Amino acid sequence: MRPRVGVWLFGARGSVATTTVAGAAALAHGAPPAGVVTAGPAFSDAGLVPIESLIFGGHDVTDTPLAKQVERLVAGGVLPPGLDGLIAAELAAAERNLVVLPSAANQAEQISLMASDIRAFRSRHDLDQVVAINVASTEPPYDVLYDDLAALRSALQDGNPLPGSCVAALAAFEAGASFIDFTPSTSIRPQVIRDWAVERGLPFGGQDAKTGETLVKSVLAPMFTARALPVHAWSGTNLLGGGDGATLADPLAAESKNVSKERGLADMLGPDVVGQVHIDYVDPLGDWKTAWDHILFSGFLGVRMTLQFTWQGCDSALAAPLVLDLARLSALALERGHVGPMPFLGFYFKDPVDSTEHSLTTQYDALVRWVQS
């Protein structure tokens, strides 16, 4: 008998979370699992929890009904027409598990309250495991000043020394849940946050899911290396609408994103490749994004050549199947008693925890090896 698994989403009423919940319900009604990697044959004997058995809950800063968010996504072409009516019962069930982020006098109290919400969710549904995934808005970079657990715990009692993503991670660990960061926010970057997870005997993974431009880079960059073609410059421009675009219109939030987007290229091609990634907010695009990249490289005897590509996609529809994959895989890690970082999940991320490998095919092979081990 497979464990009963809950999926706790931080940012549970956002577009990615809503598409994830709606998508899981649609799959249960027979929709094809396009984009769901763990639905493939390499994962069929791994004993992963069925997607239709996942139970969703989460925190958000707003109380906009999930059904309203689905209506908006249907109107925007992110979800198919008529889906909102088909999955009304599933949306209502998830709605009952969503909680407004609690306020508190200090972050120690807030962590405790958030962890209590997750424990109540576990108890209410008699869950064997809970996996927590951060799909909230990207935060600006944040310098955590503590590298010692005792000092951090003391500071949490006195005030608010951490960004929200770190608080979410600690709440998950206090509730006995694994934690995955789908974003480039601070969350599990500081060693002290990772130490807290290890102290609780729990796994963590991330960061910053690759769903578009960086996904293509992780295929193309190894091609240039394998063919001994020197790359001189690689520049990209990203046009985003929707909530993600609005968030990244803040230069500080965009800095977090750009750092993770550029790390992979430097690791694959070296630090001397010229070029930058630009992110522009275009509100009428809604949940859709366009990326254009220009690559300058040399061929035999130094002949200069270029490659250009354009990627256009729906951000939430690209992200949601990955959230489902990560929920199933981190539940498997919990079942196996894995503690600490999960570098075998690097296949999904721009800035993978505890790994410098960015080649998509190499990452996929590592994931399959772990799953089948």
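Note that the coordinates shown come from a computational prediction; the quantities given were computed from them, not determined experimentally.
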Review point. Taking only residues two or more places apart in sequence, or in another chain, which ones meet R122 in a side chain to side chain donor-acceptor pair (under 3.5 Å)?
Key: none

Check your understanding: Within the distance-only criterion (no hydrogens, no angle test), does the side chain of D287 pair as donor or acceptor with the backbone N or O of S316 below 3.5 angstrom?
Key -> yes

Check your understanding: Do the side chain of E52 and the main chain of A28 share a donor and acceptor less than 3.5 angstrom apart?
Key -> no

Check your understanding: Between R328 (side chain) and V49 (backbone), is there a donor-acceptor pair under 3.5 Å?
Key -> yes

Review point. Is it true that atom CG of D283 has more than 12 heavy atoms of other residues, nucleotides or ligands lying nearer than 6.0 Å?
Key: yes

Check your understanding: Is there a side-chain contact between H358 and P352 (heavy atoms, below 4.5 Å)?
Key -> yes

Point to revise | D45, CG atom: more than 12 neighbouring heavy atoms under 6.0 Å | key: no

Identify all side-chain donor-acceptor contacts of residues 162-176 below 3.5 Å with residues at least two apart in sequence or on another chain.
from, atom 1, to, atom 2, distance (Å)
S165, OG, E139, OE1, 2.7
S165, OG, S187, N, 2.9
E174, OE1, R200, NH2, 3.3
E174, OE2, W196, NE1, 2.8
E174, OE2, R200, NE, 2.7
E174, OE2, R200, NH2, 2.7

**Study point:** Results of side chain to side chain donor-acceptor pair (under 3.5 Å) for E71 - residues two or more places apart only
**Key:** none

Review point. Parallel under 30°, tilted from 30 to 60°, perpendicular over 60°: which one fits the rings of H125 and F121?
Key: perpendicular

Check your understanding: Any donor and acceptor pair, going by atom type alone, linking the side chain of S154 with main-chain N or O of A150 inside 3.5 Å?
Key -> no

Point to revise | Other cluster members, L239 - Ile/Leu/Val/Met/Phe/Trp/Tyr, side-chain contacts below 4.5 Å | key: V282, L285

Check your understanding: Is it the case that one hydrophobic cluster holds both V100 and F56, taking links as side-chain heavy atoms less than 4.5 Å apart, direct or via other members?
Key -> no

Practice item. Taking D325 for its side chain and V37 for its backbone only, find out whether a donor-acceptor pair lies under 3.5 Å. Key: yes

Exercise for review: Mind checking side chain to side chain donor-acceptor pair (under 3.5 Å) for S330 and listing every partner two or more places apart, or none if nothing turns up?
Suggested key: none

Review point. Is there a donor-acceptor pair closer than 3.5 Å between any side-chain N or O of Q207 and the backbone N or O of S185?
Key: yes

Point to revise | Donor on one side chain, acceptor on other, R72 and Q69, under 3.5 Å | key: yes

Check your understanding: How about W311 and L318: do any of their side-chain heavy atoms sit closer than 4.5 Å?
Key -> yes

Review point. Mind checking whether F179 and I193 have side chains closer than 4.5 Å, heavy atoms only?
Key: no

Review point. Do you know which two heavy atoms are closest between L83 and A26, and how far apart they sit?
Key: CD1-CB, 3.8 Å

Do any side-chain atoms of residues 362-373 form donor-acceptor pairs under 3.5 angstrom with protein atoms, and if so which ones, sequence neighbours left out?
from, atom 1, to, atom 2, distance (Å)
T362, OG1, S359, OG, 3.4
Q363, OE1, K210, NZ, 2.6
Q363, NE2, G346, O, 3.0
Q363, NE2, E357, O, 2.8
Q372, NE2, A42, O, 3.0
S373, OG, R336, NH1, 3.4
S373, OG, W370, O, 2.6

